[in-house]
J.: 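Structure provided below as structure tokens; questions to follow.
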There are 2 protein chains.
Amino acid sequence: MLISTKGRYGLRSLADLVFYGQKKPVPLRVIAERQGISESYLEQVFALLRKAGIVNAIRGSYGGYVLARPAHQITVGEVLKALEGPLTLASCASGGTTTECDKMDTCLTISFWQELSAKIDEVLSSTTLQDLVDKVQAARKGPDPRKDKN
Amino acid sequence: MLISTKGRYGLRSLADLVFYGQKKPVPLRVIAERQGISESYLEQVFALLRKAGIVNAIRGSYGGYVLARPAHQITVGEVLKALEGPLTLASCASGGTTTECDKMDTCLTISFWQELSAKIDEVLSSTTLQDLVDKVQAARKGPDPRKDKN
DNA sequence: TTCTTAACCTAGTAAGTTGATAGGAAAATA
DNA sequence: TATTTTCCTATCAACTTACTAGGTTAAGAA
């Protein structure tokens with residue numbers, strides 16, 4: 001499993017926030033229950049999301065979490081980076097950039113890792129939380145009558 | 001780091017085998033030294049590669065390892081799968097296929113993980129060991145005089 | 001003011017993974 | 001027989017993961 005529960009829970013919880021949430025703050029208890037995730041573990045996940053400026057927290061009763069920006073301005077890449085750290089494949093190929101390594105000229109795999117990193121980055125930075133929810137809502141309106149090729 | 005040293009060392013060692021190797025078996029000691037990797041650790045890596053049918057081993061003096069098939073028939077995906085196990089992102093989205101989960105219908109992230117898995121698979125299964133080496137050898141012949149846009 | 005809600009913070013922890021090292025057995029060649 | 005090299009197993013320290021526990025702080029409600 002390349003992505004840990006931190007990243008998966010976090011992404012699912014944010015999508016949940018977009019899908020079920022209104023403008024009102026949603027307490028973690030609700031999200032945790034709905035998604036079947038330990039509440040206190042989720043607290044730690046949301047602490048990271050808050051520090052990354054992805055959600056805002058409102059304390060006290062009727063408090064909870066809200067997105068810090070509209071859902072279509074928050075990319076999946078941003079979320080995963082906040083929760084999983086930089087998603088590098090090899091130390092010399094981190095998200096499109098090249099870090100120096102003492103074997104650059106003899107390394108036979110650098111360009112492969114770079115190419116793959118770039119492809120992954122492309123998907124991560126072009127998908128927003130809104131996209132995730134839109135896809136589910138489209139599917140909910142009844143399956144497309146055309147041949148299911150996805 | 002999404003890929004552990006097992007996968008990275010293994011891929012580099014196989015590329016080394018293609019790049020420097022002739023038809024003659026190459027002992028691990030040579031690869032380990034050339035790539036700066038612990039030899040006994042590399043033994044464990046090659047044990048996995050052998051079990052996966054990627055390399056053949058020849059014991060005794062003048063022994064070593066050779067590729068079990070031509071380099072252009074061995075994909076990077078095959079190698080990484082042998083060393084890292086299945087490269088699933090989430091349990092429900094493993095390499096293009098969909099595993100059942102008890103929240104399929106309410107899960108907001110499945111299709112994203114599937115899309116990403118598919119993109120990764122595309123790169124992994126279309127890149128061979130020969131491709132890795134070709135790219136380095138092309139670069140060795142002097143950089144392309146055209147604008148460097150890669 | 002007091003109660004309740006919910007974020008916030010820190011520490012601990014069992015289980016698993018990682019990246020090795022060590023020591024030897026078996027096979028093939030010289 | 002001696003050497004080379006694969007093969008196999010066990011061990012290990014350090015780290016990560018996925019939690020749980022227990023308490024503090026802030027904000028609204030009674």
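Residue numbers begin at 1 in each chain, while the letters A, B, ... track the order of the sequences. These numbers come from the heavy atoms of this one structure, side chains and all, not from hydrogens, waters or symmetry mates.
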J.: Taking atom C1' of C/dT18 as reference, at what distance in whole Å does atom CG of B/L42 sit?
T.: 16 Å

J.: Can you tell me if the side-chain N/O atoms of A/Y62 get under 4.0 Å from OP1 or OP2 in D/dG28?
T.: no

J.: Between C/dA6 and A/R29, is there an OP1 or OP2 to side-chain N/O distance shorter than 4.0 Å?
T.: yes

J.: With no hydrogens and no angle check, is any side-chain donor or acceptor of A/R8 less than 3.5 Å from a backbone partner on A/I3?
T.: yes

J.: Please state how far atom NZ in B/K24 lies from atom P in C/dT29, giving the value in whole angstrom units.
T.: 15 Å

J.: Going by number, which of residues 44-55 of chain A have a non-hydrogen atom under 4.0 Å from DNA chain D?
T.: A/Q44

J.: Given C/dG19, is OP1 or OP2 found less than 4.0 Å from the side-chain N or O atoms of B/S4?
T.: yes

J.: So does B/E43 pair up with B/R50, basic N to acidic O under 4.0 Å?
T.: no

J.: Would you tabulate the nitrogen or oxygen pairs shorter than 3.5 Å linking the protein to nucleotides 23-27 of chain C?
T.:
from	atom 1	to	atom 2	distance (Å)
C/dA26	N3	B/R59	NH2	3.0

J.: Are A/F19 and A/F46 grouped together when hydrophobic residues (ILVMFWY) are joined by side-chain heavy atoms under 4.5 angstrom apart?
T.: yes

J.: In whole angstrom, give the distance that lies between atom OH of A/Y9 and atom C1' of D/dT20.
T.: 14 Å

J.: Using a cut-off of strictly less than 4.0 Å, decide whether B/Y65 has a side-chain nitrogen or oxygen near OP1 or OP2 of D/dT5.
T.: no

J.: Tell me the interatomic distance from B/K6, atom NZ, to C/dA20, atom C1', rounded to whole angstroms.
T.: 10 Å

J.: Starting at atom CZ of A/R8, determine the distance to atom C1' of D/dT17, rounded to an integer number of angstrom.
T.: 11 Å

J.: Would you confirm whether A/Q130, through its side chain, and A/A71, through its main-chain N or O, come within 3.5 Å as a donor-acceptor pair?
T.: no

J.: Applying a strict under-4.5 Å side-chain criterion to I, L, V, M, F, W and Y, I'd like to know whether A/L11 and A/Y41 cluster together.
T.: yes

J.: Count I, L, V, M, F, W, Y as connected when their side-chain heavy atoms are under 4.5 Å apart, and connections chain through other members. Are A/Y62 and A/V26 then in the same cluster?
T.: no

J.: Are A/L17 and A/I58 in one and the same hydrophobic cluster, where Ile, Leu, Val, Met, Phe, Trp and Tyr link if side-chain heavy atoms are under 4.5 Å apart?
T.: no

J.: In whole Å, I'd like the distance from the CD1 atom of A/I31 to the P atom of C/dA6.
T.: 12 Å

J.: Do B/Y65 and B/V30 share a hydrophobic cluster (ILVMFWY, side-chain heavy atoms under 4.5 Å, transitive)?
T.: yes

J.: Measure OH/B/Y41 against P/C/dT17 and give the value in whole Å, please.
T.: 13 Å

J.: Go through B/I110 and B/Q114 one step at a time and tell me if the side chain to side chain contact (heavy atoms under 4.5 Å, CB included) criterion holds.
T.: CA-CA 6 Å; B/I110 282 183; B/Q114 285 175 341; 3.6 Å; yes

J.: If I take atom CD in residue A/E39 and atom P in nucleotide C/dA6, what distance separates them, rounded to the nearest angstrom?
T.: 9 Å

